[in-house]
Amino acid sequence: MLTGNAAAAWGARLADVDYVPAFPITPQTEIIEQLAAWFADGTLSGRFVTLDSEHSMITAAGAAAATGCRVFTATSSQGLVYGLEALYSVAGWRVPLVLVNVSRGLSAPITLEPDHNDILATRDCGCVQMHAETCQEVLDSVLIGYRIAEDPRVLLPVLVNMDGFSLSFTREPVTVPSPEQVQRFLPHYQPRHAEFRASRPMAQGVAVLGGAVYSHFRYQAHLAVQSALAVHAEAAAAFAETCGRTYDAVERFQLDDAEFVLVMIGSFATRARAAIERFRSEGQRVGLLRLRLVRPWPAAAIAGALAGRRAVAVIDQNLSPGQGGILFQEVAGTLVSQSDRPAVLRSFVGGLGGKEISLGEFRHVVASLERARPGEGPEGPELLFTAADRQQVQALGKIASPQKGETP
Amino acid sequence: MKVAREFFRNVKELPRDELLAPGSPLCAGCGALAALRLMLKVIDEHVVVVNAAGCLTLLAVYPYTPLRASWLYTTMGSAAAGAQGIRDALDVLIARGRLPAAEDLKVIVLAGDGSTLDIGLSSLSGAIHRSLDFWYLCYDNEAYGNTGFQMSSASPFGSQTATTRPAAGRPAGTLQHKKDIFAIWLAHKPPYMATVSTADPVDFADKVRRAGPLRGPKLFTALTACPPGWGHDPDQGAHILKLALTTGLWPLKEAVHGRVRHTYVPDHRRPVEEYLATQRRFEHLFRPVRQEEVLRAIQEEVDRYWEDVARHEICKE
């Protein structure tokens, strides 16, 4: 039994990482505490260094990768957005590393529990982005992540995302691959990227003048992230062969005959599975499409999985205020040019700041899909928020600002 | 009064090798370029320069670099962390037998005063605190030069910048006093730190050579002329930097393991006005009316500084 945090640390350990620059943030801390202990007792050789911020941490991670080390680091939430500038830079250097993000809602108001605004803020950096649903998938994704990051067709940071609390602090059964299995799947790092050394001076991250040169390099990053679709498929096949577990860019659950499909990412998809089992037992044909890769965007797999469905709901665990759910927009963009696209596509926002998505809320989503009619026009985003949630907030609101004559 | 030279007696003895080729898009008379050129001459060829956003970021513009050394541009706020990543990686790769020791590099951060004193201060502080074995050169042109000379925390009291232009309500221009980065560095107790100037290249080179064998942070801050920002002809930079020394405005000093000594103590300090009058950024202190109070305050600050030096430190011949 391992927590998501322990699974992430085991992934780094099995990858025999050379270098871990770190900075603590809840709920990521157990990952770096565990790695610090392994470097201290000699389980891992190489170096663990506590930096002064995530901005410095990601810069150091990228610089070490540019020098030829296999680098691992981890952060969460505020830390990820604090380091966002550096993440763009490191992606632009085209260096491989794996960063585990433990998702947590962004301040203000400050909170500890998960949603995906943090990781989706890095959506456009030029990094590969994988979302784990289980602790097992966290560990496996770190290993698969190095295969992708270090592939000469990609050479980019890979971000592996897990939800805070529901994975980071939750113990689940995890099979830890043997070092021999990992050695076969992920041999010791042989950098194929230009790295700093005395005999071969090079200038890295240099300025460009003019939009044409900038466009060229930025588009190269786009092509590299896109290449990660094929590279992921190859890596996942090799992983299945050595370690016996199979991963796809998207995961299809109860989809074959589904009329209604929920689209989700991350650990809250586990709640959707439980709800779907219930709906199935009640005779409703509901299925789940869980996106494991968000960058590269698995457009063909999404279009294929959703083709011909009666109605689809994207449940975003994020909110772009003034627009709505981020992944809804991307799914809609994928489907708009498909002739056999689902007749109805609805947007729901739920699980913000770790708010539970209950069976009742899933039931409401499916009922909304059943009621929806093609050509109904834009609907939503609808916030999943129950009467009990409202009562709780109202009660707290009364304490925060009591009306005249009320005792708080 | 100058301390005895240890490694170089005069400019003729400075290394002839040029690690910085001519030709770059920098301004004519850029003092930062002169400081970098001198520093690289003395350090070594096997260097990776880790750069923070600033004027010298324009040294390496795709597909050219004027350096025989390697180069990594990072961000404005995290160049020292970039140095950390490279240094650590080289150490790890050599220790794990994946890189021959002959491939090792010296790591040097190249950053302006805005990066060093403002946005990158936390990153630099962290690197010094971690005893990172690296070099640091701050080229201090006393403002955000690359963006058009806006005030930084290195801009001196009474100077004009693009964001502190003298006005009716603020005739002095910049009201803040220059942040004392030397004192901030000193509080970290690095093995070596120094102020330097290309106006005394032998002192500069001696300090770089002296720092060489020391393991850990080796920190240098150079006052560097900025013709467009300071407002002077490009050929006047050397003269103006000389005046910064002889007026006592830019003291030359070093600290080895926290013990400070001045390497040059002007015997008869020139009045600061002689320095100020050479640059357009101080013109408002003289015209249309002399701002006696501001001029006096600048002079008194310099006088107080050297009185303290005389009280606390004996300059060795």
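Protein chains get the first letters and strands the later ones, always in sequence-line order, with residue 1 at the start of each.
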**Distance (rounded to the nearest 0.5 Å) between A/Asp18 CG and B/Arg98 CZ** =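 Separation between the atoms: 4.0 Å.
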**Item:** Distance, nearest 0.5 Å, that separates CD1 of B/Ile86 from SG of A/Cys69
**Value:**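 Atom-to-atom, B/Ile86:CD1 and A/Cys69:SG are 11.0 Å apart.
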Contact part of [X] toward chain A, heavy-atom cut-off under 4.5 Å: side chain, backbone, both or neither?
X: B/Leu99; result: side chain
X: B/Asp88; result: both
X: B/Ser122; result: both
X: B/Ala102; result: backbone
X: B/Ala95; result: neither
X: B/Val48; result: side chain
X: B/Leu105; result: side chain

**Request:** Determine the option with the most heavy-atom pairs under 4.5 angstrom with chain B, choosing from A/Met202, A/Glu85, A/Gln190, A/Glu195.
**Result:**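 Maximum pair count with chain B is reached by A/Met202.
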**Request:** Identify which of A/Ser45, A/Gly205, A/Gly46, A/Ser89 forms the greatest number of heavy-atom pairs closer than 4.5 Å to chain B.
**Result:**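 Counting heavy-atom pairs under 4.5 Å, the top option is A/Ser45.
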**Prompt:** Do any pairs count as a salt bridge (Lys or Arg N to Asp or Glu O under 4.0 Å) and have a residue in residues 134-143 of chain B, sequence neighbours left out, and if so which ones?
**Reply:**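 Residue pairs with at least one partner in residues 134-143 of chain B: B/Asp140-B/Lys178, B/Glu142-B/Lys178, B/Glu142-B/Arg281.
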What residue in [options] has the most heavy-atom pairs under 4.5 Å with chain A?
options: B/Pro25, B/Pro63, B/Gly77; answer: B/Gly77
options: B/Asp104, B/Thr65, B/Leu93; answer: B/Leu93
options: B/Thr57, B/Asn51, B/Val61, B/Leu67; answer: B/Val61

Has the side chain of [X] got a donor or acceptor atom that lies under 3.5 Å from a matching backbone atom of [Y]?
X: B/Ser78; Y: A/Thr59; result: no
X: B/Glu103; Y: A/Ala198; result: yes
X: B/Gln84; Y: A/Leu51; result: no

**Request:** Might you point out which heavy atoms bring A/Pro201 and B/Ser70 nearest each other, and give the distance in Å?
**Result:**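 Nearest heavy atoms, A/Pro201 then B/Ser70: CA-OG, 3.1 Å.
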**Prompt:** Which region of A/Phe196, side chain (C-beta onward) or backbone (N, CA, C, O), has a non-hydrogen atom less than 4.5 Å from a non-hydrogen atom of chain B, or is it both or neither?
**Reply:**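 Both backbone and side chain of A/Phe196 come within 4.5 Å of chain B.
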**A/Tyr82, OH: over 12 other non-hydrogen atoms inside 6.0 angstrom** =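 No, the 6.0 Å shell around OH holds no more than 12 heavy atoms from other groups.
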**Request:** Might you work through the side chain to side chain contact (heavy atoms under 4.5 Å, CB included) test for B/Leu90 and A/Arg197, ending with a clear yes or no?
**Result:** CA-CA 9 Å; B/Leu90 290 167; A/Arg197 50 183 58 207; 6.0 Å; no
**Item:** Chi angles and distances behind the side chain to side chain contact (heavy atoms under 4.5 Å, CB included) call for A/Asp52, B/Ser123
**Value:** CA-CA 6 Å; A/Asp52 41 274; B/Ser123 187; 4.0 Å; yes
**Item:** Derivation of the side chain to side chain contact (heavy atoms under 4.5 Å, CB included) call for A/Trp93 and B/Leu72
**Value:** CA-CA 9 Å; A/Trp93 298 347; B/Leu72 176 66; 3.7 Å; yes
Using a 3.5 Å cut-off and no angle test, enumerate the donor-acceptor pairs between side-chain atoms of residues 206-220 of chain A and protein atoms at least two apart in sequence or in another chain.
| from | atom 1 | to | atom 2 | distance (Å) |
| --- | --- | --- | --- | --- |
| A/Ser215 | OG | A/Gly211 | O | 2.7 |
| A/Arg218 | NH1 | A/Cys125 | O | 3.1 |
| A/Arg218 | NH2 | A/Asp124 | O | 2.6 |

